[in-house]
Amino acid sequence: MKRHLLPLSTLIITLLMSGAALAEISSQRQAEILYLLRHDCGSCHGMRLEGGLGPALTPRRLQQWPVEQLAVTILHGRPGTPMPPWRPFFTDSEALWLATQLKQGGRRP
Ligand code: HEC
């Protein structure tokens with residue numbers, strides 16, 4: 001049962017170590033990710049990310065989560081809820097970058 005937790009903690013460590021790669025996301029790729037945030041995430045989390053089918057993704061609400069945890073949620077979704085995994089669309093670094101943007105709130109649509 002405990003072994004079940006292993007992949008998740010391994011992933012978190014991987015994410016933490018990939019922090020240095022954050023700066024390598026090109027501005028074009030950043031724009032693509034933000035486009036996806038507005039159009040795909042927005043369909044559930046609200047056009048202005050203030051909530052809909054999914055909860056609001058505002059800095060105030062997200063302050064309870066460490067950025068790595070948010071990145072894991074984005075990559076793997078929340079099984080048993082409508083939140084889908086975005087692993088096919090984002091690398092670890094990209095998910096971390098997006099989670100950082102959400103927490104800071106500077107790039108809100
Ligand atoms: C099909 C609807 C849907 C889409 C599309 C969607 N989400 Fe979600 N998301 C949800 C739901 C529902 C939850 C709440 C899951 C739960 O009950 O724990 C959630 C939870 C989350 C959470 C955790 C927030 C918290 O406080 O619990 C984050 C972060 C998140 N989504 C980010 C995203 C991002 C980023 C995208 C786009 C890449 C996205 N979501 C697209 C439905 C969606």
Side-chain angles (χ1 to χ4, degrees):
M1 276 181 290
K2 264 206 152 153
R3 297 178 66 194
H4 199 73
L5 290 170
L6 206 64
L8 185 64
S9 49
T10 309
L11 178 69
I12 291 174
I13 291 165
T14 312
L15 283 170
L16 283 171
M17 285 169 47
S18 66
L22 274 182
E24 289 168 23
I25 297 168
S26 69
S27 56
Q28 191 199 333
R29 182 61 186 147
Q30 291 183 6
E32 285 169 11
I33 296 171
L34 294 174
Y35 182 89
L36 199 145
L37 175 65
R38 197 156 34 241
H39 291 86
D40 293 74
C41 316
S43 65
C44 282
H45 291 278
M47 292 266 287
R48 298 185 49 78
L49 304 181
E50 284 166 357
L53 172 65
L57 298 179
T58 51
R60 190 189 159 93
R61 235 198 119 260
L62 295 182
Q63 68 187 358
Q64 60 180 316
W65 304 108
V67 69
E68 293 79 13
Q69 177 65 51
L70 289 174
V72 168
T73 300
I74 293 169
L75 288 172
H76 295 267
R78 288 256 171 88
T81 81
M83 174 62 185
W86 295 88
R87 176 47 108 192
F89 300 94
F90 300 130
T91 63
D92 290 357
S93 300
E94 289 168 355
L96 258 185
W97 179 82
L98 178 55
T100 307
Q101 302 309 311
L102 289 172
K103 266 180 92 74
Q104 291 173 351
R107 308 285 192 118
R108 292 198 29 220

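- The distance from atom CD of Gln101 to atom CD1 of Ile33, rounded to the nearest 0.5 Å, is 9.0 Å.
- A distance-only check finds no donor-acceptor pair linking the side chain of His76 to the backbone of Val72 [under 3.5 Å].
- Residues Leu49 and Thr58 come closest through the heavy atom pair O-CG2, 3.8 Å.
- In this structure, Arg78 has no salt bridge (Lys or Arg N to Asp or Glu O under 4.0 Å) partners at least two apart in sequence or on a different chain.
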Check the pair Leu102, Leu37 against side-chain contact (heavy atoms from CB on, under 4.5 Å), reporting the backbone distance first and the verdict last.
CA-CA 10 Å; Leu102 289 172; Leu37 175 65; 4.0 Å; yes
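- At least one donor-acceptor pair under 3.5 Å links the side chain of Lys103 to the backbone N or O of Leu62.
- Considering only heavy atoms from C-beta on, Leu98 stays 4.5 Å or farther from Trp86 through its side chain.
- In this structure, Arg48 CZ and Leu57 CG are separated by 13.0 Å, a value rounded to the nearest 0.5 Å.
- Taking a 6.0 Å sphere around CD of Gln28, one finds it holds 12 or fewer heavy atoms contributed by other residues, nucleotides or ligands.
- Under the 3.5 Å distance criterion, the side-chain polar atoms of Glu94 are matched with a main-chain donor or acceptor of Thr91.
- Every residue was checked against the side chain to side chain contact (heavy atoms under 4.5 Å, CB included) condition with Gln63, not counting sequence neighbours, and none meets it.
- Pairing each heavy atom of Leu75 with each of Phe90, the nearest pair is CD2-O, 3.6 Å.
- Residues Ala99 and Ala71 come closest through the heavy atom pair CB-N, 3.9 Å.
- When all heavy atoms of Arg29 and Phe89 are compared, the pair lying nearest together is NH2-O, 2.7 Å.
- At least one side-chain heavy atom of Asp92 sits less than 4.5 Å from a side-chain heavy atom of Arg87.
- Side chains of Glu24 and Ser93 form no contact here, defined as non-hydrogen atoms less than 4.5 Å apart.
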Applying side-chain contact (heavy atoms from CB on, under 4.5 Å) to Ile25 and Glu32, what does each step give before you reach the verdict?
CA-CA 11 Å; Ile25 297 168; Glu32 285 169 11; over 6 Å; no
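- Panel note: side chain His45, backbone Leu53; no donor-acceptor pair is recorded below 3.5 Å.
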